[in-house]
Number of protein chains: 2
Amino acid sequence: MKELLDYITTIHDISVESKIALEEICSHESIKKNTDLQPIGHTCKTIYFVVKGGLRIYYYKAGIDITEIFEFENSIVARVESLFSGRPSRKAIQGIEDTELIAINANRLFELYDTSPELERLFRKIFEDAYVKTVNRIESLQFHTAEQRYHQLIKDHPEVLKRVPLKHIASYLGITQVSLSRIRARR
Amino acid sequence: MKELLDYITTIHDISVESKIALEEICSHESIKKNTDLQPIGHTCKTIYFVVKGGLRIYYYKAGIDITEIFEFENSIVARVESLFSGRPSRKAIQGIEDTELIAINANRLFELYDTSPELERLFRKIFEDAYVKTVNRIESLQFHTAEQRYHQLIKDHPEVLKRVPLKHIASYLGITQVSLSRIRARR
DNA sequence: AGCATCCTTTTACATTTGTTAAATAATCAC
DNA sequence: GTGATTATTTAACAAATGTAAAAGGATGCT
């Protein structure tokens, strides 16, 4: 829990009371590498915080496994398109490695917003930051070549290359594994 | 102002007091077709609501004009990557047609959050919805072909085809105008 | 109406990416 | 460690997209 509270402090500091209230709706979980946290088709009601290890959100498009995003230590992970719409998610969350995480009960969190505006503000800021990242990702997908996107990724997040199989990196970049192999061979 | 208040009601109803407070930080603006609202390089401190007409957010990549998004009547438009980060935006907002809009002073809005949690909640929800749209857009860009993206667009938003030049639609889809022309010729 | 400008399509060719299959390398389970 | 499985690379060919240039269309201005 300490890791989550430290992370929170960097975003928006909250009172001891709110920290206690938050702690009450959190639980520790751990999953093995390549194991799903929640199945595809269920409505997302959990916000995860990665304590150790890494997660990826993925889905199937025409039978092919596509990685939407990966996150490692000290990151928030949620299937927001389900969490904020209340609709079932076509996506699943999976451990990239053996992973320890904190699960925040989203429904109870949203209830807490009524009594603790500072908690509402904290998570508003967390998701605003995530929103900004997503907008920047659009820019990258929209008009950079696959090769540019690959080099940008290893520049911004060199650790990804060591921790994530290339097939997942390929689908994250929006290309096939073969295409990524070719890009890597050029140089 | 009525249009904005009607729109708000569909998202999260607020008290008369909050409506009055909101109205005080709003101003009416209108711009001509193909005119910029704010220049590239300025930090975004305004949230716009389209009353009549349409807007697009665009930027230049290697000298080429790229449309990130377009919105029409009863929509919120903001350069969130600047608004939520406080950094200068590389993007500009432009009128697609002669457009009437309401400009919300974002700094004053954020101050109002302290005295009116329901306003904070309202805009939290507005941007959560926008975030969900953005995540779905990633999915579209990440693993649909340009042809699939084009047909999805005209299925979801047929009016776009009548109101937006094809060159902007092309860059929105992440392809060249020539490529879009070819796609349109297939059938 | 006439001219200029901008938008859209078409053509030809280069480049990139996808697809399928096979070969090689790395990892996992027993 | 050995064999099986999975991941990655390579090859050959097909399909899609980019680039540059030209030709039509549409639109707007005077």
Side-chain angles (χ1 to χ4, degrees), chain A residues 31-36 53-54 56 58 60-67 70 94-99 139-154 159-187, chain B residues 31-36 53-54 56 58 60-67 70 94-98 139-154 158-187:
Chain A
I31 53 162
K32 290 284 176 193
K33 182 173 175 172
N34 296 335
T35 308
D36 282 2
R56 71 183 182 107
Y58 75 98
Y60 290 98
K61 179 81 75 193
I64 296 164
D65 174 326
I66 295 172
T67 296
F70 14 72
Q94 187 177 84
I96 295 171
E97 310 168 350
D98 291 356
T99 301
E139 195 180 322
S140 164
L141 282 167
Q142 197 175 10
F143 238 79
H144 283 126
T145 65
E147 182 163 4
Q148 290 171 320
R149 296 200 296 277
Y150 172 70
H151 288 126
Q152 191 65 41
L153 176 69
I154 57 176
E159 75 283 3
V160 165
L161 213 51
K162 298 189 198 303
R163 300 176 75 174
V164 182
L166 289 171
K167 60 176 181 172
H168 293 333
I169 294 176
S171 68
Y172 172 80
L173 294 171
I175 54 176
T176 61
Q177 198 178 347
V178 175
S179 204
L180 178 57
S181 242
R182 275 191 291 237
I183 287 168
R184 285 160 52 80
R186 294 205 276 266
R187 62 154 63 182
Chain B
I31 53 162
K32 290 284 175 192
K33 181 172 176 174
N34 296 333
T35 308
D36 282 3
R56 71 183 184 107
Y58 75 98
Y60 290 98
K61 179 83 74 193
I64 296 164
D65 173 327
I66 294 173
T67 295
F70 14 71
Q94 187 176 84
I96 295 170
E97 310 168 350
D98 290 356
E139 194 180 323
S140 164
L141 282 168
Q142 197 175 10
F143 238 80
H144 283 124
T145 64
E147 182 164 4
Q148 290 171 320
R149 296 201 296 277
Y150 172 70
H151 288 125
Q152 191 66 41
L153 176 69
I154 58 176
E159 76 282 4
V160 165
L161 213 51
K162 296 188 199 305
R163 300 176 75 174
V164 181
L166 289 171
K167 60 175 182 173
H168 292 154
I169 294 177
S171 68
Y172 172 80
L173 294 171
I175 55 177
T176 62
Q177 199 178 345
V178 175
S179 206
L180 178 57
S181 240
R182 275 191 291 238
I183 288 168
R184 285 160 54 79
R186 294 205 276 266
R187 62 155 61 180

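Just so we're on the same page: letters track the sequence lines, and every chain starts at 1.
- Closest to the P165(B) side chain, of the nucleotides dT17(C), dT20(C), dC7(C), is dC7(C).
- Remark: C1' of dG18(C) and CG of L173(A) are 16 Å apart, rounded to the nearest angstrom.
- Whole-Å rounding puts the L161(A) CG to dA7(D) P distance at 16 Å.
- Each of R56(B), H168(B), K167(B) was scored for a side chain to side chain donor-acceptor pair (under 3.5 Å) with T67(B), with one residue passing: R56(B).
- Going from atom NZ of K32(B) over to atom P of dG28(D) covers 13 Å, rounded to whole Å.
- The side-chain heavy atoms of H144(A) and Q152(A), taken from C-beta on, include no pair separated by under 4.5 Å.
- Here dT10(D) is the nucleotide among dT11(C), dG18(D), dT10(D) with the atom lying nearest to any side-chain atom of A185(A).
- Summarising the geometry, the separation between NZ on K162(B) and C1' on dA26(D) is reported as 17 Å, rounded to the nearest angstrom.
- Taking only side-chain atoms of Q177(A), from C-beta outward, the nucleotide of dA7(D), dA11(D), dC7(C) with the closest atom is dA7(D).
- Taking atom CG of residue D65(A) and atom C1' of nucleotide dT6(D), one finds them 14 Å apart after rounding to whole Å.
- Between the Q142(A) side chain and the S171(B) main chain, a donor and an acceptor come within less than 3.5 Å of each other.
- S181(A) comes within 4.0 angstrom of a nucleotide base, judged by non-hydrogen atoms across all strands.
- A residue-by-residue look at N34(B) and I64(A) shows that N34(B) has its nearest nucleotide of DNA chain C further toward the 5' end.
- If you measure from atom CZ of R182(A) to atom C1' of dT20(C), you get 12 Å, rounded to the nearest angstrom.
- Salt-bridge check for K33(B) with D98(B): failed, with every basic side-chain N at 4.0 Å or more from each acidic carboxylate O.
- Side-chain contact check for Y60(A) versus D65(A): some heavy-atom pair is nearer than 4.5 Å.
- Between D98(B) atom CG and dG28(D) atom P there is a gap of 11 Å when expressed in whole angstrom units.
- For dT17(D), the OP1/OP2 oxygens have no side-chain nitrogen or oxygen of R149(B) closer than 4.0 Å.
- Residue contacts shown for K33(B) are absent, as no nucleic acid heavy atom lies under 4.0 Å away.
- Distances shorter than 4.0 Å separate some side-chain N or O of R184(A) from OP1 or OP2 on dT9(D).
- Proximity of R186(A) to the phosphate of dT17(C): a side-chain N or O atom is located under 4.0 Å from OP1 or OP2.
- Picking from dT19(D), dT8(D), dT8(C) the nucleotide with the shortest atom distance to the side chain of K167(B) gives dT8(C).
- Following rounding to the nearest Å, L166(A) (CG) and dT10(D) (P) show an atom-to-atom distance of 12 Å.
- Listed pair T176(B) / dG18(D) meets the phosphate criterion, a side-chain N or O lying under 4.0 Å from OP1 or OP2.
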